[in-house]
Amino acid sequence: MFYWWMKQVFVGPLLRLMFRPWTRGVENIPAEGGAILASNHMAVIDSFVLPLVLDRKVQFLGKSDYFTGTGVKGRLTAGFMRGVGTIPVDRAGGKASEAALNTGLRVLEDGDLFGIYPEGTRSPDGRLHRGKTGVARLALESGAPVVPVAMVGTREAQPIGKVVPRPLRIGVVVGEPMDFSRYRGMENDRFILRAVADEIMYEIMRLSGQEYVDIYAATAKARAAAGKQVADTPVGPAAPGGRPAPDAPVPEPPADEPTTSVD
């Protein structure tokens, strides 16, 4: 009850005031039942803004470190994370992916929304990176629909390395649910998993208007840390799965669209 109150009375109004979120396609999210929200990942605040514009609870995974801090700051951080629906998970060690998968399956079995970032980490350069196949396996094992989501403007509001975001307007664009039931029972086929992941990333690319680069975001981060220039990074095909890039500009908020408010 405390965390619900915190979100409704403190976190929600504060974030709405800072980011004045606009939305497009929110009606595509199922009104009930489990569903996977697969989003691009531009900033830490993605996990806070997306739940803000929905009238259903959505849960993301968060590092367990966020929940184990000491002192006033540690308690406030843990309270804030719980207030926005973040689930703590230990992502260290070889069983991290399995733990994340099992947590996601449990959320979906309970009939809730589960948020996931197929890129695995924040984009280091604003481009859309190759999706990991965990989202595909989650979809095939759970049978839940995948709803593609594009976060717009969060990178500008909170560039990497900036702890406190700037008060800029942010958008959330939601695509139509994707049904992968035709592949049910094939979650151990790596070629099927790659095809499903690429199909999901293509839809995210179509919604976000981002440039695509066919390497993992973690690899791009490692190259940057090693002093490699963005121009040195091979971009590969124009879109996931070797398809041509869709003609999709970065979405902009309609000038006459009012600020989104979810009570």
Side-chain angles (χ1 to χ4, degrees), residues 25-26 28-30 33-54 56-64 66 81 84-92 95-123 128-152 154-155 172-181 183 187 190 192-208 210 212 216-218 221 240:
V26 173
N28 289 322
I29 295 177
I36 302 165
L37 305 188
S39 174
N40 61 342
H41 196 14
M42 308 291 281
V44 173
I45 55 174
D46 291 335
S47 300
F48 306 148
V49 175
L50 180 54
L52 182 69
V53 302
L54 306 181
R56 288 191 62 188
K57 180 180 180 180
V58 55
Q59 299 183 73
F60 286 89
L61 299 181
K63 293 186 295 186
S64 57
Y66 290 139
M81 288 296 177
V84 296
T86 305
I87 304 172
V89 62
D90 185 357
R91 298 194 294 186
K95 295 184 178 180
S97 296
E98 182 179 349
L101 176 67
N102 290 336
T103 301
L105 288 172
R106 187 165 61 250
V107 171
L108 295 169
E109 287 171 1
D110 289 341
D112 294 326
L113 300 177
F114 183 69
I116 189 171
Y117 301 115
E119 292 171 276
T121 187
R122 285 173 290 166
S123 171
L128 187 69
H129 292 76
R130 195 178 200 213
K132 295 189 174 184
T133 57
V135 63
R137 187 177 172 191
L138 183 62
L140 300 193
E141 289 199 17
S142 68
V146 178
V147 182
V149 176
M151 304 301 299
V152 182
T154 53
R155 177 180 172 84
V172 180
V173 182
V174 182
E176 296 183 0
M178 305 174 72
D179 178 16
F180 295 105
S181 59
Y183 296 126
E187 58 269 12
R190 64 187 181 93
I192 294 295
L193 293 179
R194 172 44 53 197
V196 170
D198 285 344
E199 190 172 338
I200 294 169
M201 297 309 294
Y202 186 89
E203 285 304 303
I204 295 174
M205 180 184 184
R206 189 179 63 81
L207 295 173
S208 68
Q210 290 171 272
Y212 178 73
Y216 294 116
K221 284 186 176 181

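Counting begins at 1 with the first residue of the sequence.
In terms of heavy atoms, L50 sits closest to V149 at CD1-CG1, 4.2 Å. Shortest non-hydrogen contact noted between P145 and G34 is CD-O, 3.5 Å. Across N28 and G175, no two heavy atoms sit closer than the pair CB-O, 3.1 Å. Annotation for I200 and A38: closest pair CG2-CB, 3.9 Å, computed over non-hydrogen atoms.
Remark: E187 engages R137, L140, E141 in a side chain to side chain contact (heavy atoms under 4.5 Å, CB included) (not counting sequence neighbours). Every residue meeting the salt bridge (charged side-chain N to carboxylate O under 4.0 Å, His left out) condition with R206, not counting sequence neighbours, appears here in chain and number order: E203. Legend: residues meeting salt bridge (charged side-chain N to carboxylate O under 4.0 Å, His left out) with D198, ordered by chain and number and at least two apart, are R194. Judged as a side chain to side chain donor-acceptor pair (under 3.5 Å), and not counting sequence neighbours, the contacts of S123 are D125. Remark: K132 pairs with Y216 by the side chain to side chain contact (heavy atoms under 4.5 Å, CB included) rule, at least two apart or across chains. For the side chain to side chain contact (heavy atoms under 4.5 Å, CB included) test, residues two or more places apart in sequence or in another chain that qualify with S181 are D179. The side chain to side chain donor-acceptor pair (under 3.5 Å) search around S39 returns none, not counting sequence neighbours. Residues passing the side chain to side chain contact (heavy atoms under 4.5 Å, CB included) test with L207 are P148, A150, V173, sequence neighbours excluded. Applying the ring-ring contact (aromatic ring centres under 6.0 Å, His included) criterion to Y117, with sequence neighbours excluded, gives H41, F60. Under the rule for a side chain to side chain donor-acceptor pair (under 3.5 Å), the partners of S208 that lie at least two apart in sequence or sit in another chain are Q210.
Going from atom CD1 of I45 over to atom CZ of R155 covers 12.0 Å, rounded to the nearest 0.5 Å. Rounding to the nearest 0.5 angstrom, the gap separating the CZ atom in F114 from the CD atom in E109 is 12.0 Å. Atom CE of M205 is separated from atom CG of L128 by 7.0 Å, given to the nearest 0.5 angstrom. Between the OH atom in Y212 and the CD1 atom in I204 there is a gap of 11.0 Å [rounded to 0.5 Å]. In this structure, CD1 on I116 lies 13.5 Å from CD on Q59, to the nearest 0.5 angstrom. A distance of 8.0 Å separates CD1 of I36 from CG of L105, quoted to the nearest 0.5 Å.
Counting only heavy atoms from C-beta outward, the side chains of R190 and T133 never approach each other to under 4.5 Å. Residues L37 and L54 are in side-chain contact: their nearest non-hydrogen atoms beyond the backbone lie under 4.5 Å apart. Residues V172 and V26 have side chains not in contact (no heavy-atom distance under 4.5 Å, counting atoms from C-beta outward). Residues I29 and V58 form no side-chain contact, since every pair of their non-hydrogen atoms from C-beta on lies 4.5 Å or further apart.
Listed by first and then second residue, the salt bridge (charged side-chain N to carboxylate O under 4.0 Å, His left out) pairs involving residues 112-123 amount to none (not counting sequence neighbours).
At least one donor-acceptor pair closer than 3.5 Å links the side chain of R56 to the backbone N or O of P30.
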